[in-house]
Amino acid sequence: KTFNRLVSPAKLFLYSGFNYDDRAFYAGRELGDHMHVVTGNVYLFHTNGFYAGASGLWYNQLHPSYTATVAVAGFRKPLNKKHTLTCRISYNRYFFNLPDSVISGVNLNSVGAGLTWRNSKAGARVSFNAMFGNDFGMNLTSALFANLNLVHFGETGRLCLAPEVSAFFGSETIGDESTGTAGDPLSATLSTTDKYGLLNTQAYIPLCLYAGDFSFEFGYSVNMPFTQDSNADYPISS
């Protein structure tokens with residue numbers, strides 16, 4: 001009886017949801033012109049730390065609109081007794097619903113690792129991803145976030161603000177064109193290099209409603225992109 005009181009039985013949780021964005025971005029760079037994105041997902045979480053699931057991506061301006069399915073498996077583990085510090089490792093596999101010519105240079109696998117610290121009101125996290133397959137790439141995201149309760153209702157219901165500021169580091173391909181010679185201007189050449197650095201900072205302010213087994217979120221984000229390409233200029237977007 002003493003053992004049963006100290007050790008809770010293992011449980012399995014099912015999580016599923018949908019997310020809609022009125023514009024599509026990567027690293028603060030807009031994809032398309034006000035392209036709409038819908039993401040659906042389903043995950044199984046085990047209290048021992050293992051999780052697995054899949055998500056699907058739908059873009060209204062692409063053909064076909066349903067572009068990819070992402071399968072993921074991973075493990076999360078608290079690193080202290082208060083469970084305020086946790087680590088995560090995961091593997092993702094991408095299945096694209098696009099012509100082979102489009103995805104020939106796209107990495108189909110990624111391995112991720114992350115570290116999160118949080119208490120009841122604030123937290124921070126850092127995530128690293130390595131993508132491989134037809135090529136190799138990597139990116140890093142760091143974030144600070146808060147959890148501000150506004151209203152409590154019932155046993156578990158609450159309305160809260162969860163503002164977050166994040167920075168995204170990765171690589172971008174930069175072109176360098178030579179001007180050729182005065183006698184032969186057609187001898188100009190174009191070379192490209194991949195440079196790593198800060199690509200985007202984002203401020204995100206969501207209003208979250210939790211009611212029983214359901215949660216609802218309405219958020220607004222602002223992107224402030226950066227580039228090392230002197231010939232490129234990416235505007236602030238939201």
Quiz prompt | Leu148 atom CG, over 12 foreign heavy atoms within 6.0 Å | solution = yes
Practice problem: Indicate yes or no for a side-chain donor-acceptor contact from Asn119 to the backbone of Gly123 under 3.5 Å, with no hydrogens or angles considered. | Solution: no
Quiz item: Is Phe45 reachable from Val42 through a run of hydrophobic residues whose side-chain heavy atoms are each under 4.5 Å from the next?
Solution: no
Quiz item: Any donor and acceptor pair, going by atom type alone, linking the side chain of Glu164 with main-chain N or O of Leu144 inside 3.5 Å?
Solution: no
Quiz item: When the ring planes of Phe75 and Phe50 are compared, do they come out parallel, tilted or perpendicular, using 30° and 60° as the limits?
Solution: tilted
Quiz item: Any side-chain heavy-atom pair from Ser110 and Tyr94 closer than 4.5 angstrom?
Solution: yes
Practice problem: Run the numbers on Arg76 and Ser90 for side-chain contact (heavy atoms from CB on, under 4.5 Å), then give the verdict. | Solution: CA-CA 9 Å; Arg76 299 171 62 186; Ser90 65; over 6 Å; no
Exercise. Applying salt bridge (charged side-chain N to carboxylate O under 4.0 Å, His left out), run through Glu30 and Arg23 and close with a yes or a no.
Key: CA-CA 7 Å; Glu30 184 171 10; Arg23 297 172 73 179; 2.6 Å; yes
Quiz item: Where the side chain of Asp21 meets the backbone of Ala24, is there a donor-acceptor pair that is under 3.5 Å apart?
Solution: no
Self-check item: Residues, nucleotides or ligands: over 12 heavy atoms within 6.0 Å of His63 NE2
Solution: no
Practice problem: Fit a plane to each ring of Phe214 and Phe216, take the angle between them on a 0 to 90° scale, and name the class: parallel (under 30°), tilted (30 to 60°) or perpendicular (over 60°). | Solution: parallel
Exercise. Spell out, as yes or no, whether a donor-acceptor pair under 3.5 Å connects the side chain of Asn60 to the backbone of His36.
Key: yes
Quiz item: Where the side chain of Ser16 meets the backbone of Asn41, is there a donor-acceptor pair that is under 3.5 Å apart?
Solution: yes
Quiz item: Testing Asn149, Val151, Leu209 for side-chain contact (heavy atoms from CB on, under 4.5 Å) with Cys160, which one passes?
Solution: Asn149
Quiz prompt | Aromatic plane relationship, Tyr91 with Phe132 - under 30° parallel, 30 to 60° tilted, over 60° perpendicular | solution = tilted
Self-check item: Heavy-atom donor-acceptor pair, Asn109 side chain to Arg93 backbone, under 3.5 Å
Solution: no
